[in-house]
Student: 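Take a look at this one; I'll ask things after.
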Protein chains: 2
Amino acid sequence: MAMSGIRALQKEKTRRQLIDAALGQLSSERSFSSLSLREVAKEAGLAPTSFYRHFSDMDELGLTLVDEAGLTLRQLMRQARQRIEKGGSVIQISVLTFMEFIENNGNIFRLLLRERSGTSAAFRAAVNREIRYFTLELCDYLQQANKLDAEVAYLQANAAVTIVFSAGSDALDCDKKDLKELALRTIKQLRFIARGAFEFGLRNDVRVEARKKSKVESK
Amino acid sequence: MAMSGIRALQKEKTRRQLIDAALGQLSSERSFSSLSLREVAKEAGLAPTSFYRHFSDMDELGLTLVDEAGLTLRQLMRQARQRIEKGGSVIQISVLTFMEFIENNGNIFRLLLRERSGTSAAFRAAVNREIRYFTLELCDYLQQANKLDAEVAYLQANAAVTIVFSAGSDALDCDKKDLKELALRTIKQLRFIARGAFEFGLRNDVRVEARKKSKVESK
DNA sequence: TAAAATAGCGTACATCTGTACACTGAAATT
DNA sequence: AATTTCAGTGTACAGATGTACGCTATTTTA
């Protein structure tokens, strides 16, 4: 990684150039799978065959991009938590943070969305892994902060992430002025889910309590 | 459409062959955008250049496929309504119907998922239009059956469709035995949403009532 | 200092792509 | 019956693609 030596240093530099070239070519009308090895190499200022000194495949480059995207997402979550500690609604701040992410990293988010339902099982697995991390951290938070049943917390986290990602997808095709409304709607939907989860979690507790009591009484 | 005449009849027949050839080549590792005009023509038993007698573009064929997929989806909804009239939970039956759809039409559903976040604005618009129909019909149903506020009903319908589509996406990469659990989890999530929407809808009603009262009282 | 390793280049090739063009035979029109 | 229309064919071409192979120049190792 931090290998010094003029050679290894230069190698990592051009490797980055390849990664950045690929990222730079992504757009709303250009998906990763539509990029050719030659295009990426050219954009990076390399001869086509030099590509192989860094990746054996376009797929290998792609998986690297997905990893980077996941990393960016997790950094984002840390930012969100910092904001929450300064006070404010968890749901509201999470949504706003996510929307900012999409404004600043539209193409990375597009990459995740597309490869999630793409043609490579490896890609799909990689994206889903990143989303799972994302979900599990939210799940932990919910379980701890709201004292929810583990299953209920997971279901809520999963549903919330789904809703937020879908809203993000809509945001990509949205006029900037409609973004505010979209965020507000998303927040309301998340509140529905939170409320519903809370009620169900509660009922389970009540049942457990009731069962305990009846056990005691039947002794 | 129903034009007879030996010629027009034959034309429609080979047009269908093209459509079916395209649909037939879709799979988990083959997306529409990765199909070539030549492949599709070959699969349909046509010379490459004959393709142009029916579609000016692969894009035109693709949009036709999206329309067909939307049609299939709406037929599905009708089936679901029939089942509901025979009794049973709306949510449960809707989810089960959707899961059946995916088992029987995996590749059509994949088409929708992929083109929804694809590289063609026209495709994205077409898919979103189909999903909007789907959502609005559910919205009407909720508004009428549960007497919900229009906005709340829409938010619930939108969230529910998002959750169900996402579950469908998961179902595509799922072992068959895990499908049952996935369906159960999805049903619970939809109940969260329904419950939350109900509570919020209620609160709005209460507020409205309260405002009416206070108006009356202040007279 | 001599030898080995290697990032990057240029050439070359087989394969696939969309599509332009001229042609044919059968159906439709007159 | 004569003419027009048109779905489908076959050939042809220019461009793009992945990648095998051999070469060079510079860094690294011995």
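As the structure is a computational prediction, the values presented were derived from the model and not from experiment.
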Student: NZ of K42(A) versus C1' of dG10(C): gap in Å, rounded?
Tutor: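 Value for this atom pair: 15 Å.
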Student: Calculate the interatomic distance between L37(B) atom CG and dT9(D) atom P; express it in whole Å.
Tutor: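 Roughly 13 Å, once rounded to whole Å.
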Student: Could you state the CG-P distance from L35(B) to dT17(C), rounded to the nearest angstrom?
Tutor: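 To the nearest whole Å, that distance equals 10 Å.
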Student: Of the non-hydrogen atoms in V95(B) and A183(B), which two are nearest, and what is the gap between them?
Tutor: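 Here V95(B) and A183(B) meet closest at CG1-O, 4.1 Å.
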Student: Write down the distance between CG (D59(A)) and P (dG18(D)), rounded to a whole number of angstrom.
Tutor: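 Nearest whole value for this atom pair: 11 Å.
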Student: Using OP1 and OP2 only, check whether a side-chain N or O of T14(A) sits under 4.0 Å from dG8(C).
Tutor: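 So the side chain of T14(A) is within the cut-off, an N or O lying under 4.0 Å from OP1 or OP2 of dG8(C).
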Student: Over how many whole Å does the gap from E43(A) atom CD to dT17(D) atom C1' extend?
Tutor: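 Rounded to whole Å, this separation is 18 Å.
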Student: Contact list please: residues 17-28 of chain A against DNA chain D, heavy atoms, distance less than 4.0 Å, in numerical order.
Tutor: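 Those residues whose heavy atoms fall under 4.0 Å from DNA chain D, taken from residues 17-28 of chain A, amount to none.
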Student: Within residues 50-58 of chain A, which residues have any heavy atom lying less than 4.0 Å from an atom of DNA chain C?
Tutor: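 Result for residues 50-58 of chain A: S50(A), R53(A), H54(A), sorted by number.
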Student: Taking all non-hydrogen atoms of both residues into account, name the closest pair between R114(A) and S31(A) and its distance.
Tutor: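 Closest approach of R114(A) to S31(A), heavy atoms only: NH1-CA, 3.7 Å.
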Student: Any side-chain to backbone donor/acceptor pair from E60(A) onto D57(A)? Under 3.5 Å, distance only.
Tutor: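 No, because the side chain of E60(A) does not come within donor-acceptor range (under 3.5 Å) of the backbone of D57(A).
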Student: Could you tell me whether the side chain of R7(A) has a donor or acceptor atom within less than 3.5 Å of a complementary atom in the base of dT29(D)?
Tutor: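 No, no donor-acceptor pair under 3.5 Å.
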Student: Would you mind writing out the side-chain donor-acceptor pairs for residues 71-91 of chain B within the sub-3.5 Å range, not counting sequence neighbours?
Tutor:
| from | atom 1 | to | atom 2 | distance (Å) |
| --- | --- | --- | --- | --- |
| T72(B) | OG1 | E68(B) | O | 2.9 |
| R74(B) | NH2 | E130(B) | OE1 | 2.7 |
| R81(B) | NH2 | E137(B) | OE1 | 2.5 |
| R83(B) | NH2 | E100(B) | OE1 | 3.3 |
| R83(B) | NH2 | E100(B) | OE2 | 2.7 |
| S89(B) | OG | I91(B) | N | 3.3 |
| S89(B) | OG | Q92(B) | N | 3.1 |

Student: Counting the atoms with a prime plus P, OP1 and OP2 as sugar-phosphate, which does S36(B) contact under 4.0 Å by heavy atoms, base, sugar-phosphate, or nothing?
Tutor: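 The residue S36(B) makes sugar-phosphate contact but no base contact.
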Student: Applying ring pair (Phe, Tyr, Trp, His ring centres under 6.0 Å), can you list everything that pairs with F192(A), at least two apart in sequence or on another chain?
Tutor: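 For F192(A) the ring pair (Phe, Tyr, Trp, His ring centres under 6.0 Å) partners, ignoring immediate neighbours, are F200(B).
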Student: From dT27(D), dG8(C), dG8(D), pick the nucleotide closest to the side chain of I6(A)?
Tutor: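 For the I6(A) side chain, the nearest candidate turns out to be dT27(D).
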Student: With sequence neighbours left out, what residues match F55(A) under ring pair (Phe, Tyr, Trp, His ring centres under 6.0 Å)?
Tutor: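 Counting only residues at least two positions away or on another chain, F55(A) forms a ring pair (Phe, Tyr, Trp, His ring centres under 6.0 Å) with F51(A).
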Student: Starting at CG of L172(B), measure out to CG of L179(B) and round the result to the nearest 0.5 Å.
Tutor: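 One finds 9.5 Å between CG of L172(B) and CG of L179(B).
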Student: Expressed in angstrom and rounded to an integer, what is the separation of R38(A) atom CZ from dA20(D) atom P?
Tutor: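 Result: 13 Å.
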Student: Determine which pairs satisfy side-chain hydrogen bond (donor to acceptor under 3.5 Å, both in side chains) with at least one residue from residues 165-186 of chain B, sequence neighbours left out, and list them in order.
Tutor: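 Only R124(A)-D173(B) qualify under side-chain hydrogen bond (donor to acceptor under 3.5 Å, both in side chains).
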Student: Measure the distance from CG on L46(A) to C1' on dT19(D) and round it to the nearest whole Å.
Tutor: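 Answer to the nearest Å: 16 Å.
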Student: For the backbone of D20(A) and the side chain of R16(A), can you confirm whether one donor and one acceptor N or O come within less than 3.5 Å of each other?
Tutor: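 No; judged by distance alone, with no hydrogens or angles, the pair does not exist.
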Student: Between dG8(C) atom P and L9(A) atom CG, what is the distance in whole Å?
Tutor: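 Distance check: L9(A) CG to dG8(C) P gives 12 Å.
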Student: Output the single nucleotide from dC9(C), dT9(D), dA28(C) whose closest atom is nearest the side chain of T49(B).
Tutor: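 The listed nucleotide nearest to T49(B)'s side chain is dT9(D).
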